[in-house]
Colleague: 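Sharing a structure with you now.
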Protein chains: 2
Amino acid sequence: MDVPWLDRTQLAAWVRVAALLEVLPGTLDGQLRRDADVTLFEYFVLAMLSESPTRSLRMSELAAQTSATLPRLSHVVKRMESRGLVERRPDPDDRRATTCVLTDGGLARIEQAAPGHVAAVREHVVDVLTPEQITQLTGIADALLRSLDSSGGMAAMYRRYDDGAVSGAPGAATPPVRP
Amino acid sequence: MDVPWLDRTQLAAWVRVAALLEVLPGTLDGQLRRDADVTLFEYFVLAMLSESPTRSLRMSELAAQTSATLPRLSHVVKRMESRGLVERRPDPDDRRATTCVLTDGGLARIEQAAPGHVAAVREHVVDVLTPEQITQLTGIADALLRSLDSSGGMAAMYRRYDDGAVSGAPGAATPPVRP
DNA sequence: TTCCAACAGTTGTCGCTTCAACTTCTTCGG
DNA sequence: CCGAAGAAGTTGAAGCGACAACTGTTGGAA
C-alpha cells in the first residue's frame, strides 16, 4: 500500500474537519439534552416523522433518512416509545415491516425543542459563515456525501433539501420543524 | 425565545452537514478498527504523541490537542496502556500532573496504521474535493472552530497546522504520522 | 407447490462516552 | 504561613452505538 501523503493545504483542511467532527456533535447534542431531554439523533427522528404527511414512516425508510443503521434505529425507537414520543405498529400489508408513528406528545416535544435547536445551529454553524461560505459548504458536503453514500439511501434528502444550486432542480418548501 | 428560521439555502447546507456528522466518523473509525485495531480517537492520541519531540505530553495538553474532555482521555489512555501503546508516569515537578508517553509499540502501531488511514481520508474527503474546495473548507472549518472553541484550547493546532492562508503566518513542515 | 435466498426488524452483548463525584496537589490572598 | 479556591486526574455508574446472531416474512425459481 503506497499512498501519497497529504500536503500542507490538505492537512490543514483535514485537521480542522477532524476537530470539528469531534466537537460539533457534542455541542449540539448537549444543548438538546439539557433543554429538551432529547438526543440530536432523536431530534432527527422526530423531525423526519413530523415532516411526513402521515406523521409516520417505515423503520427502514426512517433509517435511511436519518443516516442510521437499522439496529441503531430500533434501539432508539424502542426507548422513544417507552417515553411516549412515538408508537410502533406492525404493517398489515407487509408483516415484516414496522411503521413508526409520531404521537401528539412527540410532536409537542419537537415543537418545544425546535427554537432552541435552531438557535444553536445558527450560533455555532449558520451565522458564523458568510452566505458565500454557506453555498460553498453545501457543495463540499454534497460531494463528500455522494462519495460516502455507497448504498444510495440519501436520494430522498437530495430531493427534499435542495437549495436549487447543487442538483439544479427546484426543491420543496421549507419544512416546519427541520432547523 | 424568538429565532428566525433557516432559509432554504441555509437548510440545504445544514442538512448535509448533519448527515456528514452522522456518517463520516463511523466510516473512518471502521477502517481503522478493522485494519489496525485502533479507534479514530486513539489514532489521534498516537499521532499527537508521535509528533511531540519528547514523544510525550501531559494529559491536559493531550486532551486539548485531541479536542477531548479529560475524563474521556483518561479512560482511553488507561485502555491504551493496558495494550502497551502508551505509558503513564507521574510528573515529578507538578505532582497532580500525569505525563503520557508513547511506547515503541505505540509508535510501530501508528506507523503501520497510517497508510491505510491516509488512504481512507483521501478516498472519502481529500480526493473528492477540488483544490479550491479544500481551501474553502479550511476557511469554513476554521470559522466554525473559532466560534466553538470557548476555552481557547486549540491555539496549538492553529500554530501547527497552518496552511499559510488562514492565519497568515508560515506553518511547520508536514509532520510524520498525521494524515 | 415447495424451497430457498433475500429482506425487515429485533435482541443481546460489549465497548466507548458522559456526567458527577471524589482525591490529591498547587497557588494565592490575607 | 495558613486556609480556601481552583487545577489535574481518576473513578464508577449509566446510557448509547456497533456488531453479530437471530426470528419471522416475502418473493421468486424449480
Side-chain angles (χ1 to χ4, degrees), chain A residues 21-34 37-45 56-83 85-101 151 153, chain B residues 21-34 37-45 56-83 86-101 151-153:
Chain A
L21 255 33
E22 212 60 57
V23 173
L24 229 197
T27 301
L28 298 171
D29 213 83
Q31 182 273 325
L32 277 172
R33 281 173 181 276
R34 280 189 303 274
D37 193 37
V38 170
T39 303
L40 179 60
F41 180 72
E42 289 172 342
Y43 185 95
F44 289 158
V45 170
S56 66
L57 287 171
R58 281 182 52 164
M59 291 292 283
S60 40
E61 184 109 2
L62 191 49
Q65 292 193 18
T66 53
S67 311
T69 60
L70 218 30
R72 179 184 179 188
L73 181 65
S74 184
H75 279 134
V76 170
V77 164
K78 192 206 292 187
R79 291 190 287 259
M80 291 175 76
E81 186 171 30
S82 77
R83 287 189 280 155
L85 300 175
V86 299
E87 271 177 23
R88 268 187 301 186
R89 54 186 60 156
D91 183 333
D93 295 348
D94 184 343
R95 287 162 59 199
R96 293 171 297 183
T98 303
T99 305
C100 185
V101 188
S151 52
Chain B
L21 255 34
E22 212 61 57
V23 173
L24 229 197
T27 302
L28 297 170
D29 213 83
Q31 181 273 325
L32 277 172
R33 281 173 181 277
R34 282 188 302 275
D37 193 35
V38 170
T39 302
L40 179 60
F41 180 71
E42 288 172 343
Y43 186 94
F44 289 159
V45 170
S56 67
L57 287 171
R58 280 181 52 163
M59 290 293 282
S60 40
E61 183 104 6
L62 191 50
Q65 291 193 20
T66 52
S67 312
T69 60
L70 218 30
R72 179 185 180 189
L73 181 66
S74 183
H75 280 132
V76 170
V77 164
K78 192 205 294 189
R79 291 190 288 260
M80 291 176 77
E81 186 172 30
S82 78
R83 287 189 280 155
V86 299
E87 271 177 25
R88 269 187 300 186
R89 53 187 60 157
D91 183 333
D93 294 348
D94 185 342
R95 287 161 59 198
R96 293 172 297 183
T98 303
T99 305
C100 185
V101 188
S151 52

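Bear in mind that the values here come from a model prediction, so they are computed numbers and not experimental data. Residue numbers start from 1 in every chain, and the chains themselves are labelled A, B, ... in the order their sequence lines are given, proteins ahead of strands.
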Colleague: Work out which heavy atom in Val38(B) is nearest to a heavy atom in Tyr43(B); give both atom names and the distance.
Modeller: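 Between these two residues, the closest heavy atoms are CG1-N, 3.5 Å.
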Colleague: List the residues meeting salt bridge (charged side-chain N to carboxylate O under 4.0 Å, His left out) with Arg34(A), not counting sequence neighbours, and say none if there are none.
Modeller: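 Salt bridge (charged side-chain N to carboxylate O under 4.0 Å, His left out) list for Arg34(A), sorted by chain: empty.
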Colleague: Look at Lys78(B) and dT11(D) and indicate whether a side-chain polar atom (N or O) is within less than 4.0 Å of OP1 or OP2.
Modeller: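 Answer is yes, contact under 4.0 Å.
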Colleague: Within this structure, what is the CZ-to-C1' distance between Arg89(B) and dT10(D), rounded to whole angstrom?
Modeller: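 For the pair Arg89(B) CZ and dT10(D) C1', the rounded distance is 19 Å.
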Colleague: When the distance from CG of Leu73(B) to P of dA8(D) is rounded to whole Å, what number comes out?
Modeller: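 Value for this atom pair: 13 Å.
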Colleague: Is any side-chain nitrogen or oxygen of Arg88(B) closer than 4.0 Å to OP1 or OP2 of dT10(D)?
Modeller: yes
Colleague: For Met59(B) and dA7(D), give me the distance from atom CE to atom P, rounded to whole Å.
Modeller: 18 Å
Colleague: Which is true for Thr98(A) with a 4.0 Å heavy-atom rule: it touches a base, it touches only sugar-phosphate, or it touches nothing?
Modeller: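 Sugar-phosphate contact only - Thr98(A) comes under 4.0 Å of backbone atoms but never of a base.
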Colleague: Find out whether Phe41(B) and Leu73(B) are in side-chain contact, i.e. whether some heavy atom of one side chain is under 4.5 Å from a heavy atom of the other.
Modeller: yes
Colleague: Starting from C1' on dA7(D), measure out to CD on Glu61(B) and report it in whole angstrom.
Modeller: 15 Å
Colleague: Could you pull out the closest heavy-atom pair between Leu62(A) and Thr66(A), with the gap in Å?
Modeller: O-OG1, 2.8 Å
Colleague: Can you see if the side chain of Ser60(A) gets near the phosphate of dG9(C) - specifically, an N or O under 4.0 Å from OP1 or OP2?
Modeller: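 For Ser60(A), the contact criterion (side-chain N or O under 4.0 Å from OP1 or OP2 of dG9(C)) is met.
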Colleague: Roughly how far, to the nearest 0.5 Å, is SG of Cys100(A) from CG of Leu85(A)?
Modeller: 10.0 Å
Colleague: Sugar-phosphate atoms are those with a prime plus P, OP1 and OP2; base atoms are the rest. Using that split, label each nucleotide of nucleotides 17-26 of chain C B, S or - for protein heavy atoms under 4.0 Å, 5' to 3'.
Modeller: BBBB----BS
Colleague: Rounding to an integer number of Å, can you tell me how far Asp91(A) CG sits from dA8(C) P?
Modeller: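 It works out to 12 Å between those atoms.
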Colleague: Whole angstrom is fine here: how far is it from CD in Glu42(B) over to P in dC16(C)?
Modeller: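 Interatomic distance, CD of Glu42(B) to P of dC16(C): 6 Å.
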Colleague: Is there a side-chain contact between Arg33(B) and Thr39(B) (heavy atoms, below 4.5 Å)?
Modeller: yes
Colleague: In whole angstroms, how far is the P atom of dG15(C) from the CE atom of Met80(B)?
Modeller: 17 Å
Colleague: Partners of Ser74(A) by side chain to side chain contact (heavy atoms under 4.5 Å, CB included), sequence neighbours excluded?
Modeller: Met59(A), Arg88(A)
Colleague: Find the distance Leu70(B):CG to dG12(D):P and express it as a whole number of Å.
Modeller: 17 Å
